[in-house]
There are 2 protein chains.
Amino acid sequence: MELRQLKYFLKAKELLNFTEAAKLLNISQSTLSQQIKQLEEELNVPLFNRIGKRIILTEAGEMFSEYALLSINKANEGLLLLKDLNNLSVGKVIIGVVYSMRIIFAKALTEFAKQYPNIKIQVVFGTTKDLLEKLNSHLFDFVLTFHEGAEHPHLKYQTLLSSNMVLVASKKSTLANKSSISLEEVAQLPLALPFSGYSTTQFFVDSFNQKDLDPNICMEINDIPTLFEIVKTGHWHTILSETSVNDPQVVAIPIEGKNMKRTIMIISLKEAYEKKAVKKFYELLRGIQEYK
Amino acid sequence: MELRQLKYFLKAKELLNFTEAAKLLNISQSTLSQQIKQLEEELNVPLFNRIGKRIILTEAGEMFSEYALLSINKANEGLLLLKDLNNLSVGKVIIGVVYSMRIIFAKALTEFAKQYPNIKIQVVFGTTKDLLEKLNSHLFDFVLTFHEGAEHPHLKYQTLLSSNMVLVASKKSTLANKSSISLEEVAQLPLALPFSGYSTTQFFVDSFNQKDLDPNICMEINDIPTLFEIVKTGHWHTILSETSVNDPQVVAIPIEGKNMKRTIMIISLKEAYEKKAVKKFYELLRGIQEYK
DNA sequence: GAAAACAATCGATAAAATCGATTTAGGAAT
DNA sequence: ATTCCTAAATCGATTTTATCGATTGTTTTC
């Protein structure tokens with residue numbers, strides 16, 4: 001039993017005339033006769049009574065046709081669903097995002113949700129390491145994070161934008177009106193950094209080491225809003241990507257040095273099928289870059 | 001898209017291993033790969049992500065599989081239904097019966113309904129002419145009636161039994177203890193016959209004509225129970241097939257003559273598929289003959 | 001680094017669908 | 001009756017398709 005045969009059968013049932021049905025099906029009458037016959041043999045019951053030159057549906061044919069139609073319909077519904085999926089009217093996107101991308105990501109997220117209200121979105125915040133592991137297990141459609149040194153052959157890297165590393169200080173701080181600051185100066189300041197599991201912190205510790213500097217890291221805190229509260233006291237400072245800062249009570253002072261930029265990347269699996277919805281999300285993320 | 005491909009796809013989805021799935025499907029791995037690929041091309045979306053030697057279902061694959069399963073299930077349900085139909089657990093039988101067969105038919109009917117409680121039965125009483133016309137329009141599975149002169153080439157005739165024509169008289173009648181009666185004697189009696197549209201009446205009028213007899217037909221009544229009421233008055237008599245008589249207050253006196261028998265037949269369409277249920281009904285009708 | 005596992009691909013073959021032509025037969029018109 | 005028309009069945013040839021076995025290219029495992 002094949003969908004083709006069911007389709008033929010239903011058309012024949014509809015017209016009760018093999019010749020006409022064959023014409024509409026764009027096959028020969030011979031083919032239709034044979035396919036119907038084959039179906040009848042498989043079902044072990046005639047679907048039509050051949051009375052002279054007329055054909056009329058048997059009881060079995062009548063009852064079977066209901067299911068034939070359902071079978072075809074379900075297959076077609078599946079097809080339609082996939083079309084819909086491509087039209088972004090259904091579906092789900094799962095994204096991993098590092099904490100420091102929170103602000104920039106939120107913009108794209110709200111825009112996406114507005115444009116494609118029927119697509120469900122799951123956002124998982126985490127550290128780059130965690131996120132990339134989960135990406136490898138196919139748990140994410142893509143991950144939004146900073147560029148790490150090594151590139152994995154399974155992964156696809158799309159550069160989104162560069163973001164300066166900045167020293168975050170209280171607006172009341174004496175540093176507040178500096179237009180830039182050197183790594184050496186930063187090393188002198190009491191620092192409250194993000195948790196060392198974070199790539200940003202890791203990146204900075206490495207930078208200090210390279211210059212043989214011994215930074216004064218007083219705290220490591222696993223939450224950026226809390227970090228800001230600490231900074232606002234005026235006593236401590238923190239180091240973040242520029243993209244993380246949007247609090248009016250603090251200032252972001254770019255750190256000097258050509259390596260003091262980090263590249264924000266979209267990382268996805270090379271081999272995985274890229275959902276239409278995901279592509280749209282990429283576009284939105286790239287758009288953000290411009291009106292930032 | 002064919003059911004075969006959907007079946008392959010679902011098995012591959014279940015095992016997430018083409019080689020294994022192919023084994024269980026009794027096809028080669030090569031075939032499976034190609035059929036899946038073909039399906040994906042038709043659907044215009046990958047159903048599996050090929051990540052190295054592993055395959056995992058895509059979002060599209062996940063969503064599509066639901067419909068693939070439904071489609072297959074519906075087709076299978078249709079198949080099961082037809083099996084059921086053959087097992088006489090569903091279905092419908094439509095039968096045309098002449099009034100004079102009422103009693104004999106009722107026995108078979110109750111027996112059939114008892115044995116096959118899931119089969120719906122429609123019984124249409126009517127005149128032979130009406131019934132045969134409807135049979136020709138495929139409105140009946142078969143017709144139970146007397147044998148008429150001509151045989152139609154489209155029809156199949158099965159003899160069921162012979163039934164004497166009888167004069168029906170009141171038990172109180174002086175005729176009541178006669179073991180037979182001649183057509184000439186009958187012609188003398190005041191008669192109340194079934195309506196002349198009925199074949200029995202027609203048959204008798206012909207028989208009287210052949211012998212140049214002028215019967216005393218006082219009434220024609222289109223209802224056998226009413227005829228019996230008339231007969232019970234003792235004044236009138238009627239002529240019926242023996243099979244029509246089962247009222248204790250009347251007696252049935254066989255009419256003499258070799259043609260005074262009528263053959264009860266099952267008449268059906270030669271070309272139409274014969275339902276299992278109908279065959280069973282035939283058997284029961286033949287059984288009746290014996291314990292009559 | 002070798003071996004095993006697995007999906008993709010290729011070329012060949014078997015199976016099946018399809019076609020056009022012909023046959024068969026019913027129904028309609030003469 | 002006879003002829004004509006129409007429609008389904010059948011037949012043989014052809015094309016298309018499914019399938020297979022063998023091979024290739026990866027990836028994972030040991």
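Just so we're on the same page: letters track the sequence lines, and every chain starts at 1.
Closest to the B:Gln34 side chain, of the nucleotides C:dC6, C:dC19, C:dG11, is C:dG11. For A:Arg4, counting side-chain heavy atoms from C-beta on, the closest listed nucleotide (D:dA8, C:dA7, C:dA17) is C:dA17. The nucleotide whose nearest atom lies closest to any side-chain atom of A:Arg50 is, among D:dA18, C:dC19, D:dA9, D:dA9.
For B:Lys23 and C:dA5, the NZ to P distance is 10 Å, given to the nearest whole Å. Distance, A:Ile36 CD1 to D:dA7 P: 17 Å, rounded to whole Å. In this structure, B:Glu41 atom CD and D:dA18 atom P are separated by 12 Å, rounded to whole Å. As rounded to whole Å, 14 Å separates atom P of D:dG21 from atom CG of B:Leu32. Rounded to whole Å, the distance from CG on B:Leu15 to P on C:dC6 is 12 Å. B:Asn49 places its CG atom 11 Å from the P atom of C:dA8, with the value rounded to the nearest Å. Rounded to an integer number of Å, the gap from CZ of A:Phe18 to P of D:dA7 is 13 Å. The distance from atom CZ of A:Arg54 to atom P of D:dA8 is 11 Å, rounded to the nearest whole Å.
For the pair A:Ser33 and D:dA8, the criterion of a side-chain N or O lying under 4.0 Å from OP1 or OP2 is not met. For B:Gln29 and D:dT19, the shortest distance from a side-chain N or O to OP1 or OP2 is not below 4.0 Å. Note on B:Gln35: a side-chain N or O is less than 4.0 Å away from OP1 or OP2 of D:dA18. Contact annotation: A:Asn26 does not reach the phosphate of C:dT18 (side-chain N/O to OP1 or OP2, under 4.0 Å). Between A:Lys37 and the phosphate of D:dA8, there is no side-chain N or O to OP1/OP2 separation shorter than 4.0 Å.
Defined by atom type and a distance below 3.5 Å, a donor-acceptor pair is present between the side-chain atoms of B:Lys13 and B:Ser65. Side-chain atoms of B:Thr159 and B:Thr263 form no donor-acceptor pair, as typed in the model, at a separation below 3.5 Å.
Proximity of a side-chain donor or acceptor of A:Ser71 to a complementary backbone N or O of A:Tyr67 within less than 3.5 Å is not detected.
Interface remark: the A:Ser28 side chain does not form any donor-acceptor pair with the C:dG20 base, using a distance-only criterion of under 3.5 Å. Taking only distance into account, the side chain of B:Ser30 meets the base of D:dC20 through a donor-acceptor pair shorter than 3.5 Å.
Annotation: A:Arg4, atom CZ; neighbour count of heavy atoms from other residues, nucleotides and ligands within 6.0 Å is above 12.
Qualifying side-chain hydrogen bond (donor to acceptor under 3.5 Å, both in side chains) partners for B:Lys11, counting only residues two or more places apart in sequence or in other chains: none.
Applying the salt bridge (Lys or Arg N to Asp or Glu O under 4.0 Å) definition to pairs two or more places apart or across chains, those involving residues 76-97 of chain B are B:Lys74-B:Glu77.
Across all strands shown, A:Phe48 has no heavy atoms under 4.0 Å from either base or sugar-phosphate atoms. If you check every strand for non-hydrogen atoms under 4.0 Å, A:Gln38 touches sugar and phosphate atoms only.
Nearer to the 5' terminus of DNA chain C, by closest-nucleotide assignment, is the contact made by B:Leu16 (compared with the other of A:Glu2 and B:Leu16).
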